[in-house]
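Just so we're clear, the structure is a prediction, and the values are computed from it rather than from any experiment. Hydrogens, waters and symmetry mates are skipped; everything else that's a heavy atom, side chains included, is used. Proteins get letters first, then strands, A, B, ... in listed order; numbering begins at 1 in each.
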Amino acid sequence: MADVRLDHVHKYYGRVRAVEDLTLEVRDQELFFLLGPSGCGKSSTMRMIAGLEVITRGDIYIGETRVNDLEPQQRNVAMVFENYALYSYLTAYENIAFPLRVRGMAPAEVDRRVREMAELLELTQVLSQNVRFLSGGQQQRVGVARALVRRPSVLLLDEPISHLEMELRARMRIELKRMQRELAVTAIYVTHDQAEAMAMADRIGVMNLGRLQQVGTPDEIYRHPANLFVAGFVGEPPMNFLAGRLLRDDGGMVASVGGLRIPLPAGVATSLGRVPAQAEVVVGLRPTALELFAAPPRDGAAAGQIRFLERRGDTQIATVALGDTMVLAEVPVALRFREGDQVWVGASPSDLHLFDPRTETNLLGAG
Amino acid sequence: MVHALEFERVLKRFGGKSAIKELSFTCADGELLVLFGPSGAGKTTTILLAAGLQEATAGTIRIRGRVVNKVEPRHRDVAVAFESYALYPHLTVRENIIFPLISPVRTPRLPTADMRRRVQDVADVLQIAELLDRAPGQLSGGQRQRVALARALVRSPALYLLDEPIAHLDAKLRHLIRGELRRFQRERGIATVLATPDQLEAIALGDRIAVIRAGELQQIGTPDELLTEPANEFVAASLGDPPMSIVDSTLERLGDDLVVRWGGKPLPLDPPTRRRVAAGPWRPRVRVGVRPWEVTALGVPVEGAVPATVQITEPFGKWSVVTVRVDGSEAKVRVPPEIVYPMGTRIWLKLRPTRLYLFDPDTGRAI
């Protein structure tokens, strides 16, 4: 068991900067997520930790050991890929035993370790079966068992479930998290799926364009996104961004966006501190922070038109044309709106985000 | 009535295996019909059969009333878009989109001005207008997919056949494009069959949804019908976010009431369900489906609440989903985002007076 530290790590492929100046600490026994869109540098980062890519600049430590110059097999890390890469002609037992056998371990010790791992992952009943006859979930457990049987310090998971069906994926999420907890192994998990990261992670590192954008717990990332990228990437449906202005009004502060006026809570106005009045801002509103009304409800609501309605479970997502911008609002199904309806849009000031339009950073500070 | 597309007992075998088993459905004029199911369900095969890119082993396929089994693809008057995008790399985006309008079989040709306007229209709908003069090689995957879709939508055929046409877009764009695509399809009034494994997309886009699994139609109906009256466990568990929890239970008479047991507690049946049960043969064993948002989680026991043990809490930002164990089977409950129950916590579930979904434990069919 070990922590993993990246110290000013860079990865260039020729002139392409895949990872830039990445400094990060993954704690012992933590389930840490690297989250970002394709091309953000998350997979390059994982491959550098595994030793599959040369580090262009900077240092990586696993525990106290600097691993830059160690071969992959000397680093004591194990990787699980999406397709598990199991040997389809072997039994579950032989698949799990494989990494120990190639290291020349004594058969009695191999048997002891395989059975111990099978017990932990509830595979004892299927050990003698050929892996191609196992369910997707069992195959995944065999993959994890094989990765963990040689007791690595760090487990690396590269999009292990992103192409499974929704239902199976939901079950696998829970199972993987349970395994990681029970085995108390440090795990780094790469994904582009924000829901997966939110649901499973102890902490998340969000990456974009080769740079780390923010590190925090799912709650911190969701409630206090550091910048526009994080705010737009995490959350479903995604946050609405609207160009607006800060105004002073009756002693308080108001964010004005088109016809929409949102009074800022006193605490928010205070923490804005030096931001000048009349400042241009980007106002971030999650779809759940918007309310829709059939009649003008109060001052500060803006008139719009419902362009499109998507039913969810007990909620529906309305795409609303507000002037020439579109916003998404998530409202109860019980509100019987129809496409084409004129509505009034109100916003909850308690769930408001303000960003600097130039630097794109959160004016209220990050989590 | 003449349908845009009609499948009548269509069968497709590859070697000895049936990809499609006696599939019958219709797509009405102007309708957007979604084919929804997991990978391997037969969605793509259905699209290929309708397009004429594969030949049915048995059964009849009609387009606008005409039997097309032996009609070549280019004479079927359909426009097809696939998930994988085969663009001409040496042509610009504009030339790629206009290509279907000028290829030799399209006679008579439209006036050039009309063609340009059509290209502009679909480019606006799919938000690729600013990419028209670029080469496909300069585009991202999501952009290329929209060009491929534009190439289908630029035509005015009897039928659009779209196989996962927006699978590769990021979350924000997917919402907007869904809305635009839906409106475009309605305005043009061209019948469309769209295949997707994504339940949110199916519900958002479909006038009706045909749920297929292992080559067999499970149910066909409006999104509302499928959500409120699922024909079987598969449909019930595949639609709805988070998915319905379905648990083993028993049916009992309690005084004048009919109840099902969950965690030892009696849950009274709602009047419509009760009438249905009373009308059918008596069955002591049933499976009971509960929507996760119909359940309230409580930290203390109250009258009638079902005791449960927390397996895991998954935060998704706007809410958290708690997976619990009741009597050895798992269920999901939706809770406010600030609630995090540690693994093993004892909680109590209170069901709102609501619709319960009952299924036959042997066949999975709705009772």
Assign the ring pair A:Phe33 / A:Tyr189 to parallel, tilted or perpendicular, where the plane angle (0 to 90°) is split at 30° and 60°. parallel
Of the backbone (N, CA, C, O) and the side chain (C-beta and beyond), which part of [X] lies under 4.5 Å from a heavy atom of chain A, both, or neither?
{"X": "B:Glu201", "answer": "neither"}
{"X": "B:Pro223", "answer": "neither"}
{"X": "B:Leu239", "answer": "neither"}
{"X": "B:Thr313", "answer": "backbone"}

When you measure from the side chain of [X] to the backbone of [Y], do you find a donor-acceptor pair of N or O atoms at a distance under 3.5 Å?
{"X": "A:Gln180", "Y": "A:Val185", "answer": "yes"}
{"X": "A:Asn240", "Y": "A:Arg286", "answer": "no"}
{"X": "B:Glu314", "Y": "A:Met198", "answer": "no"}
{"X": "B:Gln143", "Y": "B:Ser140", "answer": "yes"}
{"X": "B:Asp270", "Y": "B:Leu356", "answer": "yes"}

Shorter than 4.5 Å, heavy atoms on both sides: which option in [options] has the most such pairs with chain A?
{"options": "B:Gly179, B:Pro243, B:Ser238, B:Ala237", "value": "B:Gly179"}
{"options": "B:Glu330, B:Glu180, B:Arg334", "value": "B:Arg334"}
{"options": "B:Val321, B:Asp241, B:Asp224, B:Asp198", "value": "B:Asp224"}
{"options": "B:Gly240, B:Ser320, B:Pro337, B:Pro38", "value": "B:Pro38"}

Can you tell whether the side chains of B:Arg291 and B:Glu294 come within less than 4.0 Å, N to carboxylate O? no
Max heavy-atom pairs within cutoff under 4.5 Å with chain B, candidates A:Met326, A:Arg223, A:Glu236, goes to A:Glu236
Greatest number of heavy atom pairs closer than 4.5 Å to chain B - which of A:Ala197, A:Ala195, A:Ser38: A:Ala195
Side chain from CB out, backbone as N, CA, C, O: work out which of these in A:Glu330 comes under 4.5 Å of a heavy atom of chain B, or both, or neither.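 A:Glu330 touches chain B through side-chain heavy atoms alone.
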Under 4.5 Å from a heavy atom of chain B, the part of A:Gln316 involved: neither
If we count only N and O atoms by modelled type, under 3.5 Å, do the side chains of A:His224 and A:Gln214 hold a donor and an acceptor together? no
